[in-house]
Amino acid sequence: MAVTLADVAARAGVSAATVSRVLSGNYPVAGATRSRVLRAVEELEYVVNGPASALAAATSDLVGVLVNDIADPFFGIMASAVQSEMEPEKAGGKLAVVCNTGGSPERELTYLTLLQRQRAAAVVLTGSAVEDPGHTAALAARLRRLASAGTRVVLCGRPPLPEADGGAAAPDGEDACGPLTVAFDNRGGARRLTEHLLALGHRRIGYVAGPAERTTTRHRLEGHRSALADRGPELLAAAEHLTVHGAYDRSSGYDGALELLRRRPDLTAVLAANDTVALGVCAALRDRGLRIPEDVSVAGFDDLPFSADAAPALTTVRIPLHEAGARAGRLALGRESAPPGGVATVRTELMARASTAPPHA
């Protein structure tokens, strides 16, 4: 049963008129009252009715693109590629709106609610997901509501959502309009990167990983450790001690490299969560008087535009971000057939460059 304005008013302990004033934003309302109303809206997942002509389905020209940080080239490239598919000559003209979540799960849910209120034609969620059962359930509920209203939903760079309630059946018709996924082979890419270092002769390998609660972090770590496990239990046992976590930024790479050197001063290689983190690792090593790759090899991930121009050029794993974003855009507009099972996996490619070399004896 649809949640009504009266339901929100009852939950917040105010009149329906007050709820209407808060949602319209046209009248002054006390801050505490406004907070209670917005909290009730969020808890009840109330969606304001759009224009009468759009009540039956998503008919607007709006396409929402959710990113963690638009200033990060990883997200900027994908968002630009999605938007390139919205041009008038391709899609008859759609308005792509980039929603910057700052990595906040709560903000992600808020943007999805706002996009539903605007009757968005499509929504593309980019980047890794937060591994929290409560957030995953709330996210799945938001996406189900969007899909049931006719909004196409595409996940780009994150794994498919797990089945709800331990595999309970989806509502009638949901499979046909549920999220499609353009996933990245993060495990395979990390495994190939670690195998490259092992083949060069490295055994004391540090890892500056991303945030522990992110799916991308877990998948890349799994690929890294699977390659170590194939070379023997000793390497795998050392991996936990030689892994530090941080944000996907340069400062985390710098601090993480210093911590790894404290734990193991004689390490010969450092893997970074991404190319930006790798730049921070390189800076820390240089500040300690270490040469790259003569003393310590460094590798990143993603193959962002600056990686080939770093000094030395950065060994990394290439994800075809523009191609993936463009495909997500076409899927969001229904201009490309859904992949088998609703999931398309993007292959990654090892880019071996000058920042990695055999360790000194």
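Scope of the values below: all heavy atoms of this structure, side chains included, with no hydrogens, waters or symmetry mates.
Between the side chains of Ser226 and Arg187, not a single donor N or O lies within less than 3.5 Å of an accepting N or O. Between Tyr254 and Asp287, the side chains place a donor N or O and an acceptor N or O closer than 3.5 Å (distance only, hydrogens not considered). Side-chain contact of Thr268 with Arg203: a donor-acceptor pair under 3.5 Å is absent, judged by distance alone. Thr356 and His196 share a donor-acceptor pair across their side chains, judged by distance under 3.5 Å alone.
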Q. Could you go step by step and tell me if Asn274 and Thr216 meet the side chain to side chain contact (heavy atoms under 4.5 Å, CB included) rule?
A. CA-CA 10 Å; Asn274 64 15; Thr216 295; over 6 Å; no
(Q) Would Arg220 and Val317 count as a side chain to side chain contact (heavy atoms under 4.5 Å, CB included) here? Give the steps. (A) CA-CA 11 Å; Arg220 292 181 183 181; Val317 172; over 6 Å; no
Q: Start with the C-alpha distance between Leu271 and Phe301, add both sets of side-chain angles, then the distance that settles side chain to side chain contact (heavy atoms under 4.5 Å, CB included), and finish with yes or no.
A: CA-CA 9 Å; Leu271 291 174; Phe301 209 108; over 6 Å; no
Q) Does the pair Val298 and Thr315 meet the rule for a side chain to side chain contact (heavy atoms under 4.5 Å, CB included), with working shown? A) CA-CA 7 Å; Val298 178; Thr315 291; over 6 Å; no
Q: Check the pair Arg318, Glu323 against salt bridge (Lys or Arg N to Asp or Glu O under 4.0 Å), reporting the backbone distance first and the verdict last.
A: CA-CA 12 Å; Arg318 181 178 187 270; Glu323 293 87 340; 3.6 Å; yes
**Q.** Arg231 vs Glu195, salt bridge (Lys or Arg N to Asp or Glu O under 4.0 Å): CA-CA, chis, key distance, verdict
**A.** CA-CA 9 Å; Arg231 293 299 183 101; Glu195 288 173 342; over 6 Å; no
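Across every non-hydrogen atom of Cys156 and Phe184, the tightest pair is SG-CZ, 4.4 Å. Here the closest heavy-atom approach between residue Ala40 and residue Arg11 is recorded as CB-CG, 3.5 Å. Heavy-atom minimum distance, Ala278 versus Ala299: CB-O, 4.2 Å. Taking every heavy atom of both residues into account, His219 and Asn186 meet most closely at CB-CB, 3.9 Å. Taking each heavy atom of Pro339 and Leu331 in turn, the nearest pair found is CD-CD2, 4.1 Å. Minimum heavy-atom separation, Ser252 to Ala247: OG-N, 3.0 Å.
Residues Leu258 and Val208 do not share a hydrophobic cluster, clusters being chains of Ile/Leu/Val/Met/Phe/Trp/Tyr side chains in contact below 4.5 Å. Tracing side-chain contacts under 4.5 Å through hydrophobic residues (I, L, V, M, F, W, Y), one reaches Val154 starting from Phe74; they form part of the same cluster. A single hydrophobic cluster is not seen to contain both Val343 and Val123; linkage of ILVMFWY side chains at heavy-atom distances under 4.5 Å, directly or through other members, places them apart. Residues Val244 and Leu221 do not share a hydrophobic cluster, defined by chaining ILVMFWY side chains whose heavy atoms lie under 4.5 Å apart. Hydrophobic clustering (side-chain heavy atoms under 4.5 Å, transitive across Ile, Leu, Val, Met, Phe, Trp, Tyr) keeps Phe306 apart from Ile292.
Between the side chain of Arg204 and the main chain of Asp266, a donor-acceptor pair closer than 3.5 Å is present. With hydrogens and angles ignored, the 3.5 Å screen pairs no side-chain donor or acceptor of Thr181 with any backbone N or O of Leu155. Without hydrogens or angle criteria, Asp7 side chain to Thr4 main chain gives a donor-acceptor distance under 3.5 Å. Checking side-chain atoms of Thr194 against main-chain N and O of Ala190 turns up a donor-acceptor pair under 3.5 Å. The closest donor-acceptor contact from the side chain of Thr151 to the backbone of Ala147 lies at 3.5 Å or more, if one exists at all. Asp302 contributes no side-chain N or O that, together with a main-chain N or O of Leu304, makes up a donor-acceptor pair within less than 3.5 Å. Checked by atom type and distance alone, the side chain of Arg142 never pairs as donor or acceptor with a backbone atom of Leu112 at under 3.5 Å. No donor-acceptor pair under 3.5 Å is formed between the side chain of Arg158 and the backbone N or O of Val130. No donor-acceptor pair closer than 3.5 Å links the side chain of His245 to the backbone N or O of Gly256. Judged purely by atom type and a 3.5 angstrom limit, Ser104 has no side-chain atom pairing as donor or acceptor with the backbone of Thr101.
Enclosure of atom CD in Gln118 is not indicated, since only 12 or fewer non-hydrogen atoms of other residues, nucleotides or ligands lie within 6.0 angstrom. The number of heavy-atom neighbours closer than 6.0 Å to CZ of Arg288, taken from other residues, nucleotides and ligands shown, is 12 or below.
Annotation: side chain of Arg36 is not in contact with side chain of Val22 (no heavy-atom distance under 4.5 Å). Residues Arg218 and Pro159 form no side-chain contact, since every pair of their non-hydrogen atoms from C-beta on lies 4.5 Å or further apart. Between Arg353 and Asp303, the closest side-chain pair of non-hydrogen atoms falls below 4.5 Å. Contact of the Leu109 side chain with the Leu139 side chain is registered, since non-hydrogen atoms from C-beta on lie closer than 4.5 Å. Side-chain contact between Leu62 and Arg119 is absent, with no heavy-atom pair separated by less than 4.5 Å. In this structure, the side chains of Leu146 and Pro179 stay at 4.5 Å or more apart for every pair of heavy atoms. The closest side-chain heavy-atom distance from Pro305 to Ile77 is below 4.5 Å. Between Val67 and Met78 there is no side-chain heavy-atom pair separated by less than 4.5 Å.
Looking at residues two or more places apart in sequence or on another chain, you find no salt bridge (charged side-chain N to carboxylate O under 4.0 Å, His left out) involving Asp309. For Tyr207, the ring pair (Phe, Tyr, Trp, His ring centres under 6.0 Å) criterion is met by His224, not counting sequence neighbours.
Rounding to the nearest 0.5 angstrom, the gap separating the CD atom in Gln116 from the CG atom in Leu143 is 10.0 Å. A distance of 9.5 Å separates CZ of Phe75 from CG of Leu321, quoted to the nearest 0.5 Å. Once rounded to the nearest 0.5 Å, the distance linking CG of Leu115 with CG of Leu66 reads 6.5 Å. Taking OG of Ser355 as the start and CG of Leu314 as the end, the distance is 4.5 Å to the nearest 0.5 Å. Here CD1 of Ile205 is found 9.0 Å from CG of Leu242. Values are rounded to the nearest 0.5 Å. Note that OH of Tyr248 and CG of Asp69 are 13.0 Å apart. Values are rounded to the nearest 0.5 Å.
The pair Arg152-Glu336 fails the salt-bridge criterion, with no side-chain N (NZ, NE, NH1 or NH2) lying under 4.0 Å from an Asp/Glu carboxylate O. With salt bridges taken as basic N to acidic carboxylate O contacts below 4.0 Å, none links Lys94 and Glu85. Ion pairing of Arg262 with Glu259 is present here, as a side-chain N (NZ or NE/NH1/NH2) and a carboxylate O approach within less than 4.0 Å.
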